[in-house]
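Structure first, then comments.
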Amino acid sequence: MQYINLADNIYFLGYNDRRTNLFENIWPIPHGISYNSYLIVDEKITLIDTVERSFIDEYLESIEEIIGNRPIDYLVINHMEPDHSGALKAIVNKYPEITLVGNKKTFAFVESFYMEPENVHMVHDNDVLELGKHRLQFQTIPMVHWPETMVTFEETNNILFSGDAFGSYGTLDGGIFDDEINLDFYEIEVMRYFTNIVGKYCPHTQRAIKKLAPLNIKMIAATHGPIWRTDLDWVLTRYNKWSSYDLDKGVVIVYGSMYGNTQKMAEVIARRLAEKGIKNIRVYDASKTHSSYIINDIFKYKGFIVGSPAYNNALFPNVQTLLSTIEHMAPKNHYLGIFGNFAWNGGGVKNLKLFAENIKWEQVYEPIEEKGSLKKERKEELLKLADAMAEKLHADFE
Ligand SMILES: Cc1cc2nc3c(=O)[nH]c(=O)nc-3n(C[C@H](O)[C@H](O)[C@H](O)COP(=O)(O)O)c2cc1C
């Protein structure tokens with residue numbers, strides 16, 4: 001096995017998953033994902049997080065190759081989600097004297113998922129654990145991404161073991177450090193990981209960024225994706241921008257359409273926005289593009305316009321799914337426009353209005369609903385909606 005060191009006696013134990021199609025069984029990962037665990041070999045041997053259960057055998061073998069017969073003293077649990085705690089039971093079975101290190105919320109999760117833990121060491125913010133040459137300091141960052149989530153700061157080399165924070169989709173194809181990789185590939189994967197997984201917890205992420213700011217971090221080692229050691233700002237500035245809802249000038253238009261009438265309305269709006277000087281316009285068919293990608297663009301652009309036909313007195317199902325996800329994540333600072341199509345009693349726009357009430361984004365124009373094919377009068381309304389959106393955006397981004 002080839003060992004990859006983050007620093008003297010700090011090992012990267014990462015495994016690439018190119019088989020899973022959907023992360024959390026929801027989010028597409030066409031480029032896979034890595035599960036990263038870390039091993040510190042000192043007077044006290046310490047593991048930081050584990051890996052997903054399908055890698056247990058390889059994982060245990062790698063650990064044994066590095067430490068031989070020595071036991072592991074501590075398992076630091078930054079995050080209990082099963083893609084990181086999946087090997088916990090196997091580790092405890094193999095190293096029964098091991099002490100689990102977590103905060104006051106961690107051990108209840110260990111009990112619910114795996115077993116009643118025997119040896120535990122509870123830590124609080126700023127607590128330090130001496131391993132010999134290395135010292136670990138702990139900081140909780142609740143809800144980035146679960147209630148028990150914490151980070152571990154290794155004080156000798158200034159490495160932040162950050163759990164899911166600053167993680168990414170995408171396998172590590174040879175290069176594991178940011179300076180070994182063309183980051184263009186990870187641009188969308190880091191953002192999709194953030195928006196899909198942590199996007200609901202932007203205020204918590206902001207609190208975490210502020211809490212960790214005093215630490216003199218020289219390396220960030222997350223549980224997924226690249227390790228940041230050269231250009232930490234690359235990921236830090238992006239996390240700060242996304243989690244503060246700092247949006248760019250642009251419009252995402254999403255529609256559902258069975259027979260093309262609603263799509264035609266979307267095209268009219270898109271063309272007018274372009275004529276009015278909006279350069280970033282992304283038009284999505286909700287039946288074609290997974291919400292993972294649409295959500296990502298919603299976290300990028302300030303304008304959002306959504307259209308739906310009536311479908312059994314309700315929204316078109318794929319539009320409904322997307323809007324439920326948006327309501328659940330509740331991003332802020334957007335301008336909204338809504339439109340739709342129907343044939344008898346409606347149901348699309350009626351429900352888009354409910355979405356507008358719930359999400360509370362500023363509506364730039366009144367809802368527009370056409371019956372069947374697009375007629376001149378309604379087309380004029382769509383142009384006015386596009387004009388109102390463009391005007392708002394130009395005013396904001398002067
Ligand atoms: C399965 C199905 C259910 C529909 N349910 C309704 C409805 O409840 N109320 C309504 O006014 N129109 C309903 N319609 C009609 C469509 O909303 C209408 O044809 C609309 O123009 C379709 O827009 P599109 O061309 O973008 O698909 C339904 C159509 C289909 C195929």
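The first residue in the sequence is number 1, and the count goes up from there. Whatever order the structure lists ligands and atoms in, that order sets their numbers, starting from 1.
At least one N or O atom of Y259, backbone or side chain, sits closer than 3.5 Å to an N or O atom of ligand 1. Residue-to-ligand polar distances place M258 within reach of ligand 1: an N/O pair is separated by less than 3.5 Å. The N/O atoms of G256, backbone and side chain alike, include none that comes under 3.5 Å of an N/O atom in ligand 1. Backbone and side-chain nitrogen or oxygen atoms of G260 are examined, and one is located within less than 3.5 angstrom of a nitrogen or oxygen of ligand 1. Taking any N or O of G346, backbone or side chain, at least one lies under 3.5 Å from an N or O belonging to ligand 1.
The closest approach between any non-hydrogen atom of G347 and ligand 1 is not below 4.0 Å.
One finds the CG atom of N158 at 8.0 Å from the OG1 atom of T156 (value rounded to the nearest 0.5 Å).
Between Y11 and Y3, the ring planes lie perpendicular to each other; the angle is over 60°, past the 30° to 60° tilted range. Ring geometry, W27 versus H290: the interplanar angle exceeds 60°, so the pair is classed perpendicular (tilted spans 30 to 60°). The aromatic rings of Y239 and W242 sit tilted, their planes meeting at an angle between 30° and 60°.
Within ligand 1, the atoms closer than 4.0 Å to a non-hydrogen atom of T262 are 23 (O), 24 (P), 26 (O), numbered from 1 in the order shown. Taking a cut-off of under 4.0 Å to the non-hydrogen atoms of P309, the atoms of ligand 1 that pass are 17 (O), 22 (C), 23 (O). Contact atoms of ligand 1 toward N312: 3 (C), 4 (C), 5 (N), 6 (C), 7 (C), 8 (O) (distance under 4.0 Å to a heavy atom of the residue). For ligand 1, the atoms closer than 4.0 angstrom to any heavy atom of N313 are 7 (C), 8 (O).
Taking the six-membered ring wherever Trp is involved, the centroid distance between the rings of W361 and F304 falls below 6.0 Å. Residues Y35 and Y15 keep their aromatic ring centres 6.0 Å or farther apart. For an aromatic pair to be called close, the ring centres must be under 6.0 Å apart, and H224 with F23 satisfies this.
If you check which protein heavy atom lies closest to atom 28 (C) of ligand 1, you get A310 O, 3.5 Å. Atom 9 (N) of ligand 1 has as its closest protein heavy atom N345 OD1, 2.9 Å. Of all protein heavy atoms, the one closest to atom 20 (C) of ligand 1 is N341 OD1, 3.5 Å. Looking at atom 1 (C) of ligand 1, its nearest protein heavy atom turns out to be Y311 CE1, 3.7 Å. Residue, atom and distance of the protein heavy atom nearest to atom 7 (C) of ligand 1 are W344 CZ2, 3.4 Å.
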* Chi angles and distances behind the side-chain hydrogen bond (donor to acceptor under 3.5 Å, both in side chains) call for T140, N103 -> CA-CA 8 Å; T140 54; N103 58 71; over 6 Å; no
* Would you please test I220 and L236 for side-chain contact (heavy atoms from CB on, under 4.5 Å) and show each step? => CA-CA 10 Å; I220 299 175; L236 290 170; 4.0 Å; yes
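Of the residues listed (Y193, Y186, Y169, F185), the one engaging H31 in a ring-ring contact (aromatic ring centres under 6.0 Å, His included) is F185, and it is the only one.
In this comparison of A343, A266, G372, the heavy atom closest to atom 12 (N) of ligand 1 sits on A343.
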